[in-house]
Structures are given as structure tokens and as C-alpha cells.
Undergrad: 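Dumping the structure here so I can ask a few things about it.
Basis for what follows: all heavy atoms, side chains included, without hydrogens, waters or symmetry-related copies. Within every chain, numbering begins at 1; the chains are lettered A, B, ... in the order of the sequence lines, protein sequences first and strands thereafter.
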Protein chains: 2
Amino acid sequence: MIVRRTRQLVAVLSAVRAERDHPSAQAIYERVRRDIPTISRGTVYRNLSKLEGERQVRSFRLADGPVLYDGVVNNHDHFVCERCGSITDLEGASATHESHRQLSSAGYLIERQTATYYGLCPDCGAQD
Amino acid sequence: MIVRRTRQLVAVLSAVRAERDHPSAQAIYERVRRDIPTISRGTVYRNLSKLEGERQVRSFRLADGPVLYDGVVNNHDHFVCERCGSITDLEGASATHESHRQLSSAGYLIERQTATYYGLCPDCGAQD
DNA sequence: CTTTCTGCAAACTCTTTGCACTCGT
DNA sequence: ACGAGTGCAAAGAGTTTGCAGAAAG
């Protein structure tokens, strides 16, 4: 099954890449509607799945809330501020994990990983 | 608000601890129903929230599917086999993260973290 | 022209909540 | 007794899907 370059698919990818943030499907839907007001949520979800399958976007879920998408597809971690909700990208994957060593020596094959840190960002931490 | 030790609360905690696995609310509901057939899903969800607030259980979400609960509350990571779906606990948190250092020196306060690895477990990896 | 994709709406999964009643303390 | 907890059922959030028509290659 060949993936067709429809306007909708292109627009969804642009919307994810438009800002270096972590939009939900709903937020992406709202962005795309500025260009294609008739697009449906279903199309947004279907195209996000395709793009994720092609590794053009990544997704992750926090402790609660919807799936979040990321146009930055390299292997990086996230920090979530529990007060203001901001999500910060951490450059560079957590490659020095003790867990990593543990898994490899036990015969596990790691294909991908996601780490999320929760706490207070510098601004919110300073407010106490 | 004082937390009361109801039969339901006790039974939900026992159900999470019954096996060293990672049951969903639905699986916990089914376990508890063996003892208390009249318990409702709503009560299971409410008690799981209370127990998580008291740090008697932990929860996490994978790439998809419902929230999973864990009676092992120390800080540990998980490995998910993408073929058989098994979830393995990794002993010891990933404390040597480069990300950890990065965050601390930038003024972030880390309160908790979760890391999940996806790949193939030894059994499934050997089948190729 | 054929096949994939779209918009729509309904369905689905998981979780939360309002209410009247019950039970722990 | 009184307030926290319960069962029920309805509602809510987020996502998926069947279908008939549209459009990409």
C-alpha cells in the first residue's frame, strides 16, 4: 500500500513541524483547519498514524491526557513541569542507562526508548 | 479527608499486589470481583486513585492501551516486548542519565521519572 | 481507471462523576 | 451520627472505523 501525498497528509506534517512543541491530535486538527477548513478529525488521526509509521513524527503519552506528537524524531527525552505543564526537550538520548546495560546483557533487543521526568522547571521552582 | 479502610479498598490493593504483574483497572476489577462480586468499576477507579495518592501503588501508560498499575512502588523502569507484549521490571532506576545531569545543572527539580524500553525479549528475539 | 484517501457520523475504549444509599469510625 | 465510600448509570474524553464519494497516480 503506497502512501499518497495528499494535501491533508502534507498539511498534517507541516502542522506538527510548525512549532517545536508537542501538540495533541486536537491541536494539530486546529492548526490544519486554518489551511483546510474542511479536514476532519478522522483524517488527522489517520495521517498521524501514517506519519508515525514512516517515522516522520514521534508520539508519546504523559501520565494523563491525549497522545502528544513531536516533529523532532531523534531519540530524546522530555521534562514535564508539574506546575505549569510545560514540556522541555532534552537533547541527547539517555544512553548511559544502567538499565540499558542490564537489558543487553540479558538478551533483550532495544529498539526504542522513552524517558520522561516530572518535577518543577526553573521558573516554577523559584516561586516557592 | 480521612481515608477509610473499606473492604473494597483493601481488596483493590490486594488485587494489585496479588501477582508481580502490571494489571489494568479492568484486570483489577475482575480480580476483586472474585471476592466482592458486587464491586463497581467506579469504585475500583476511585480506590486506585487513592492508593496512588498514598504511593501504595504506581501507574504508567505505554504507547497505547489503558493505564497499568504496579504494586512495586520503588523507582524502576520497564521493558515492553513488541512481539509478545510482556512487560519486564528492571531493577534499579536509571540514575545515571545524562539527562539527569543536564536537568539539574539547568535548575530543574526532578521529582519522579519513568523510562520505558521497547524491543524484543530474549525469547521473541531468538525466533527470527 | 484503479486504489487510496477523505469527510461524516456513529461506535468504541477507557475513565470520571452525580446521585441516593450504605458503612466505617 | 456523620461524613466518606459505594453501586449504578450516565456522561465525558480521546480515538477508531464503515461507508459512499473524491482524488492521486
Undergrad: Rounded to the nearest Å, what distance is computed from the CD1 atom of residue B:Ile39 to the C1' atom of nucleotide C:dT22?
TA: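 Whole-Å distance recorded here is 14 Å.
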Undergrad: Rounded to whole angstroms, how far apart are CD on B:Gln8 and C1' on C:dC21?
TA: 13 Å
Undergrad: Could you give me the CA-CA distance, side-chain angles and deciding distance for A:Ser59 and A:Glu52, then say whether side chain to side chain donor-acceptor pair (under 3.5 Å) is met?
TA: CA-CA 7 Å; A:Ser59 74; A:Glu52 189 169 15; 2.6 Å; yes
Undergrad: Mark yes or no for a side-chain to base donor-acceptor pair under 3.5 Å between A:Arg4 and C:dT3, with no hydrogen or angle criteria applied.
TA: yes
Undergrad: Report the distance from atom OH of B:Tyr29 to atom P of C:dT13, rounded to the nearest whole Å.
TA: 15 Å
Undergrad: Out of D:dG5, D:dA24, C:dG7, which has the shortest distance to the side chain of A:Thr6?
TA: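 It is D:dA24.
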Undergrad: Does A:Arg7 get its side chain close enough to the base of C:dG7, under 3.5 Å, for a donor-acceptor pair?
TA: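 Answer is no: no donor-acceptor pair is held.
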Undergrad: So which of B:Thr43, B:Val32, B:Thr6 actually passes side-chain contact (heavy atoms from CB on, under 4.5 Å) with B:Val12?
TA: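 Among B:Thr43, B:Val32, B:Thr6, the one that satisfies the side-chain contact (heavy atoms from CB on, under 4.5 Å) with B:Val12 is B:Val32.
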Undergrad: What is the distance from CG of B:Leu9 to C1' of C:dT25, rounded to the nearest Å?
TA: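 Interatomic distance, CG of B:Leu9 to C1' of C:dT25: 15 Å.
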Undergrad: Relative to the 5' end of DNA chain C, which residue comes earlier, B:Ile2 or A:Val3, by the nucleotide with the nearest heavy atom?
TA: A:Val3
Undergrad: Picking from C:dT6, C:dT15, D:dG7, which would you name as closest to the side chain of B:Ala25?
TA: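 The nucleotide sitting nearest to the side chain is C:dT15.
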Undergrad: Given C:dG24, C:dT15, D:dT15, identify the nucleotide with an atom nearest to the side chain of A:Val67.
TA: D:dT15
Undergrad: Just wondering, do A:Gln113 and A:His100 contact through their side chains at under 4.5 Å, heavy atoms?
TA: yes
Undergrad: Using atom CG of A:Asn47 as one end and atom C1' of C:dT6 as the other, report the distance to the nearest whole Å.
TA: 9 Å
Undergrad: C:dT13 C1' sits how many Å from B:Arg61 CZ, rounded?
TA: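 For the pair B:Arg61 CZ and C:dT13 C1', the rounded distance is 13 Å.
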Undergrad: Counting only distance, no hydrogens or angles, is the base of C:dG7 paired donor-acceptor with the side chain of A:Arg46 under 3.5 Å?
TA: yes
Undergrad: Among A:Val72, A:Asp89, A:Asp70, find the one that has a side-chain contact (heavy atoms from CB on, under 4.5 Å) with A:Arg20.
TA: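 Testing A:Arg20 for a side-chain contact (heavy atoms from CB on, under 4.5 Å) against A:Val72, A:Asp89, A:Asp70 leaves exactly one candidate, A:Val72.
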Undergrad: Nearest to the side chain of B:Arg41 - D:dT15, C:dT15, C:dG7?
TA: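 Out of D:dT15, C:dT15, C:dG7, the nucleotide with an atom closest to B:Arg41's side chain is C:dT15.
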Undergrad: Expressed in angstrom and rounded to an integer, what is the separation of A:Tyr45 atom OH from C:dG7 atom C1'?
TA: 16 Å
